[in-house]
Amino acid sequence: MEARPARLRWAPPVNLQATNVTQQNTDAVSQPAPEDEGALVAARRAKLEQLRGAMGVEPYGRRVDALEPCAAARARFDEAAHAAFEAGQAARKADPSAPVTDSRARVRIAGRVMQHRDLGKLVFFWLRDTSGDLQVTVSKANVSEADFALAKMLDYGDIVVADGPIGRTNKGETCVWASSIELATKSLAPPPGKWHGLEDAEIRYRKRYVDMYSNPETVRAFEQRSRIVSLVRRFMEARGYLEVETPMMQPIAGGAAARPFVTKHNALDMELFLRIAPELYLKRLMVGGMRKVFEINRNFRNEGVDRSHNPEFTAMEAYEAFGDYMTMLEMVESLVRHVACAMAGCAEGGDGPVLPFGDLRIDYRKPFERVRYEDLFMRAFGFDMRDEAKVRAAGKEHHVEKAATLDHWLLVNELFEEKAEALIDPQRPTFVLDYPSAISPLTRPNRAHPEIAERWDLFIAGMEVGPAYTELNDPDIQLAKFTEQLAGADDEESTFRTLDHDFVESLRVGMPPAGGMGMGIDRLVMLMTNSESIRDVILFPLMRRQ
RNA sequence: GCCUCGGUAGCUCAGCUGGUAGAGCAGCUGACUCUUAAUCAGCGGGUCCAAGGUUCGAAUCCUUGCCGAGGCACCA
């Protein structure tokens with residue numbers, strides 16, 4: 001990849017005369033000013049000055065080559081070399097002319113100081129990097145006077161480089177016996193406690209950088225996330241899907257029914273929406289002739305925030321020309337099991353694992369549950385969902401809002417969500433098949449039963465992980481459904497809902513029959529990493545401004 | 001938007017029917033060549049989230065607001 005010229009990278013943004021930019025910057029600078037810093041910070045600043053002055057140490061470091069992760073350094077500990085060195089030391093005690101024997105591996109590690117114990121002429125501290133912790137032992141006899149002075153004055157949170165042989169203490173702790181140490185970065189902030197670490201959920205999300213070094217499982221979860229996304233990509237590529245990127249800023253926010261975020265392009269004087277879904281663009285690619293595509297990217301929905309919703313979230317959508325919703329079902333079931341297998345370390349092609357999620361044990365073994373929407377409705381209510389009178393009565397009985405006037409199928413779905421979804425076993429991944437057409441405007445109706453759409457939703461642990469459709473490719477029906485939908489929009493919805501005529505035009509050009517699916521990647525990661533809050537799988541979740 | 005719970009030292013928390021603000025760890029000074037949440041001696045450290053009210057007196061009771069957690073609602 002060619003590097004961009006530095007001039008471009010560092011050039012100030014050009015067209016930023018918009019007032020909201022300045023506004024945002026002012027808001028961001030609500031941190032306490034330096035003069036508000038307490039005694040703990042003052043003590044660290046005093047050390048900083050001492051390092052720079054009397055000790056001649058640069059507290060913000062320099063390039064260091066040939067570093068290895070703490071875990072790798074620890075793994076290079078060799079019992080025989082350690083024993084030989086200890087024996088040699090004993091021999092020299094008896095006879096100082098005995099030769100020095102030291103075949104222990106030399107290592108160089110860097111990390112944050114997590115523990116610090118000063119025993120006078122011997123200093124122990126632990127360094128932490130993302131691979132783990134490793135103790136560094138500094139003996140006054142082994143290092144320069146300057147290095148020893150530095151070792152004694154280190155603070156919890158400082159970033160330090162240590163060089164030396166990997167060995168063991170008398171008490172059996174594997175450690176680096178420092179031959180030299182170097183301060184990489186002085187930390188000025190008071191750290192969280194060394195025992196409890198950082199537990200306050202608010203600070204964990206707001207200051208993720210502290211959470212990450214204080215709670216190693218945080219970094220672990222995000223390493224897992226990265227691995228899962230990579231597995232998903234490789235799975236899709238192996239099946240011949242092409243990864244594409246479609247607009248995140250759209251003049252019409254289509255493809256779903258959520259409330260969008262609004263923004264503006266100044267030069268074109270144009271209102272834009274952050275996308276709520278990529279669907280309508282990916283389908284245009286089908287029209288253009290691409291057979292199998294997928295996109296993994298952010299969607300933005302201007303809705304509430306809770307344990308399974310963040311306003312910006314990562315979704316995958318995939319489309320396969322000449323497929324249908326059952327093509328997608330096979331693909332998604334294989335994909336979810338594939339990822340679950342990788343997480344559990346079980347054999348590929350086997351039945352699949354059982355993974356914990358909170359108090360649940362999710363059973364990813366073959367096959368996932370399949371249940372028809374109308375059968376689930378029948379089980380929940382005891383009558384057919386097409387029975388308008390009974391549905392109307394049940395709506396009133398269950399106090400559905402506007403039960404008397406609401407469209408029959410919308411009422412059916414209200415009832416379904418209230419009572420039927422609860423019948424799904426949260427421990428069994430379940431495909432609910434064949435939703436009513438009336439609530440599926442982008443889905444092709446079943447040819448024999450047009451009130452039913454060829455659509456499924458996958459539920460795991462009570463969460464909706466994603467839907468799939470046999471895509472509607474009849475331009476006339478699509479236009480009719482869009483028009484009907486717009487007619488039902490209230491005043492607020494009308495401000496952001498517009499008919500995407502170009503999309504309808506693309507269907508007139510002709511989209512091959514196709515299957516399509518969507519999947520919430522954050523929710524998939526939650527399930528795979530046993531994280532019950534979406535905030536634990538998003539590095540910087542949206543928080544209210546302080 | 002609604003309901004419940006919470007916000008006290010850098011961190012984790014205690015603080016009873018209203019009566020001078022506490023602990024452990026962290027910090028500072030000193031001792032210690034094998035520590036493992038090191039130990040020992042000594043010393044500092046608070047806008048009790050904010051504003052208002054009740055009271056002789058409020059961390060504590062009341063009201064409102066801010067921030068968070070959980071739940072509900074919203075989310076085809």
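Just so it is clear: chains get the letters A, B, ... in the order the sequence lines come, proteins before strands, and each one is counted from 1. Computed from a predicted structure; not experimentally measured. Hydrogens, waters and symmetry mates play no part in the numbers below; they use all other heavy atoms, side chains included.
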**Q** With a 4.5 Å cut-off on side-chain heavy atoms, are Tyr156(A) and Met114(A) touching?
**A** yes
**Q** Check the pair His309(A) / Asp306(A) against side chain to side chain donor-acceptor pair (under 3.5 Å), numbers first and verdict last.
**A** CA-CA 5 Å; His309(A) 294 83; Asp306(A) 65 32; 2.9 Å; yes
**Q** Taking the P atom in each of rG18(B) and rC62(B), what is the distance between them to the nearest angstrom?
**A**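 Per the computed distance, 11 Å lies between those P atoms.
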**Q** Starting the side chain at C-beta, find the nucleotide from rU33(B), rA37(B), rG10(B) nearest to Pro190(A).
**A**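 The listed nucleotide nearest to Pro190(A)'s side chain is rG10(B).
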**Q** With the side chain of Leu119(A) defined as its heavy atoms from C-beta on, choose the nearest nucleotide among rC34(B), rC75(B), rA37(B).
**A**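 Of all the options, the side chain of Leu119(A) is nearest to rC34(B).
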**Q** Side chain of Ile203(A), heavy atoms from C-beta onward: which of rU36(B), rG70(B), rC11(B) has the nearest atom to it?
**A**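 Between rU36(B), rG70(B), rC11(B), the one nearest the side chain of Ile203(A) would be rC11(B).
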**Q** Return the pairing partner of rU4(B) with a 3.5 Å limit on both distances, Watson-Crick or G-U wobble; otherwise return none.
**A** rA69(B)
**Q** Tell me the interatomic distance from Arg307(A), atom CZ, to rG71(B), atom C1', rounded to whole angstroms.
**A** 9 Å
**Q** On a whole-Å scale, what distance lies between the C1' atoms belonging to rA51(B) and rC66(B)?
**A** 11 Å
**Q** Test the Arg455(A)-Tyr435(A) pair against the cation-pi criterion, namely NZ or CZ under 6.0 angstrom from the six-membered ring centroid and within 45° of the ring axis.
**A**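 Flagged: Arg455(A) positioned over aromatic ring of Tyr435(A).
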**Q** Check every atom of rG27(B), rG70(B), rC75(B) against the side chain of His309(A) and return the nucleotide holding the closest atom.
**A** rC75(B)
**Q** Do Phe377(A) and Phe416(A) have their ring centres less than 6.0 Å from each other?
**A**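 So the answer is no for these two rings.
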**Q** Using the closest heavy atom to pick a nucleotide of RNA chain B for each, name whichever of Tyr469(A) or Pro192(A) lands nearer the 5' end.
**A**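 Nearest-nucleotide comparison on RNA chain B picks Pro192(A).
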**Q** To the nearest angstrom, how far is Trp195(A) atom CH2 from rU36(B) atom P?
**A** 12 Å
**Q** Which part of the nucleic acid, if any, lies within reach of Ser440(A) when heavy atoms closer than 4.0 Å are counted: base, sugar-phosphate only, or nothing?
**A**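 Since no nucleic acid heavy atom lies under 4.0 Å of Ser440(A), the category is nothing.
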**Q** When rounded to the nearest Å, what value does the distance between C1' atoms of rA59(B) and rA21(B) take?
**A** 8 Å
**Q** Output the rounded distance in Å from NE2 (His196(A)) to C1' (rC13(B)).
**A** 8 Å
**Q** Starting the side chain at C-beta, find the nucleotide from rU33(B), rG70(B), rC67(B) nearest to Arg544(A).
**A** rC67(B)
**Q** Look at Lys47(A) and rC28(B) and indicate whether a side-chain polar atom (N or O) is within less than 4.0 Å of OP1 or OP2.
**A** yes
**Q** Which nucleotide, in any strand shown, forms a Watson-Crick or G-U wobble pair with rA41(B), with both distances under 3.5 Å?
**A** rU29(B)
**Q** Provide the Watson-Crick or G-U wobble partner of rG24(B), both distances under 3.5 Å; none if there is no partner.
**A** rC11(B)
**Q** Report yes or no: is the cationic atom of Lys283(A) (NZ for Lys, CZ for Arg) under 6.0 Å from the centre of the six-membered ring of Phe503(A), at an angle within 45° of the ring normal?
**A** no
**Q** Determine the Euclidean distance between corresponding C1' atoms of rU20(B) and rA31(B); express it in Å to zero decimal places.
**A** 36 Å
**Q** Does Arg117(A) have a side-chain nitrogen or oxygen under 4.0 Å from the phosphate oxygens OP1 or OP2 of rC34(B)?
**A**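 So the side-chain polar atoms of Arg117(A) never come under 4.0 Å of the phosphate oxygens OP1 or OP2 of rC34(B).
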**Q** Send over the distance from Asn142(A) CG to rU33(B) P, rounded to a whole Å.
**A**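 Going from CG in Asn142(A) over to P in rU33(B) covers 14 Å.
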**Q** Answer yes or no: is there a side-chain heavy-atom contact under 4.5 Å between Leu433(A) and Val371(A)?
**A** no
**Q** With both distances kept under 3.5 Å, what pairs with rA50(B), Watson-Crick or G-U wobble?
**A** rU64(B)
**Q** Distance check, C1' atoms only: rA50(B) and rC67(B), in whole angstrom units.
**A** 11 Å
**Q** Please tell me if Arg206(A) has a side-chain N or O lying less than 4.0 Å from either OP1 or OP2 of rG68(B).
**A** yes
**Q** To the nearest angstrom, how far is Glu303(A) atom CD from rC72(B) atom P?
**A**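 Between P of rC72(B) and CD of Glu303(A): 17 Å.
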**Q** How far, in whole Å, is rG7(B) from rC48(B) if one measures between their C1' atoms?
**A**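 It works out to 10 Å between them.
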**Q** Determine which nucleotide pairs with rU36(B), using a 3.5 Å limit on both distances of a Watson-Crick or G-U wobble pair.
**A** none
**Q** Between Glu202(A) and Arg455(A), just flag the one whose closest nucleotide in RNA chain B comes earlier from the 5' side.
**A**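 Comparing both residues, the 5'-ward one is Glu202(A).
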**Q** Expressed in angstrom and rounded to an integer, what is the separation of Asp118(A) atom CG from rU33(B) atom C1'?
**A**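 Those two atoms, CG and C1', are 11 Å apart.
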**Q** Starting from P on rA37(B), measure out to CZ on Phe124(A) and report it in whole angstrom.
**A**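 Nearest whole value for this atom pair: 13 Å.
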**Q** Checking all strands, does Pro467(A) fall into the base, sugar-phosphate, or nothing category for heavy-atom contacts under 4.0 angstrom?
**A**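 The answer is nothing, as Pro467(A) stays clear of every strand by at least 4.0 Å.
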**Q** Is the base of rU12(B) touched by the side chain of Glu199(A) through a donor-acceptor pair closer than 3.5 angstrom?
**A** no
**Q** Does rG18(B) pair with anything, Watson-Crick or G-U wobble, both distances under 3.5 Å, and if so, with which nucleotide?
**A**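 Result: none.
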**Q** Given rG70(B), rA73(B), rU12(B), which nucleotide is nearest the side-chain atoms of Asp306(A)?
**A**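 Selected nucleotide: rA73(B).
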**Q** State, with a plain yes or no, whether a side-chain heavy atom of Pro445(A) is found less than 4.5 Å away from one of Leu472(A).
**A**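 Result yes, sub-4.5 Å side-chain heavy-atom pair found.
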**Q** Could you tell me how far rA23(B) sits from rG15(B) if I compare only their C1' atoms? Round to whole Å.
**A**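 10 Å, rounded to whole Å.
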**Q** With rounding to the closest Å, how many angstrom separate the P atoms on rG46(B) and rA41(B)?
**A**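 Straight-line distance between the two P atoms is 25 Å.
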**Q** Look at all strands and tell whether Gln115(A) reaches a base, only sugar-phosphate, or nothing, counting heavy atoms closer than 4.0 Å.
**A**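 It contacts sugar-phosphate atoms only.
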**Q** Considering only heavy atoms from C-beta outward, does the side chain of Leu154(A) approach that of Leu183(A) to under 4.5 Å?
**A** yes
**Q** Need one value for Ala189(A): base, sugar-phosphate or nothing, where a base atom within 4.0 Å counts as base even if backbone is also close, heavy atoms only.
**A** nothing
**Q** Phe125(A) has an atom CZ; how far is it from atom C1' of rC34(B), in whole Å?
**A**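 Value for this atom pair: 15 Å.
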**Q** Taking only the side-chain heavy atoms of Asp200(A) (C-beta and beyond), determine which of rG27(B), rC74(B), rU12(B) contains the nearest atom.
**A**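 Nearest to the side-chain atoms of Asp200(A), counting from C-beta on, is rU12(B).
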**Q** What's Trp177(A) touching, base or sugar-phosphate or nothing? Going by heavy atoms closer than 4.0 Å.
**A**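 Result for Trp177(A) = base.
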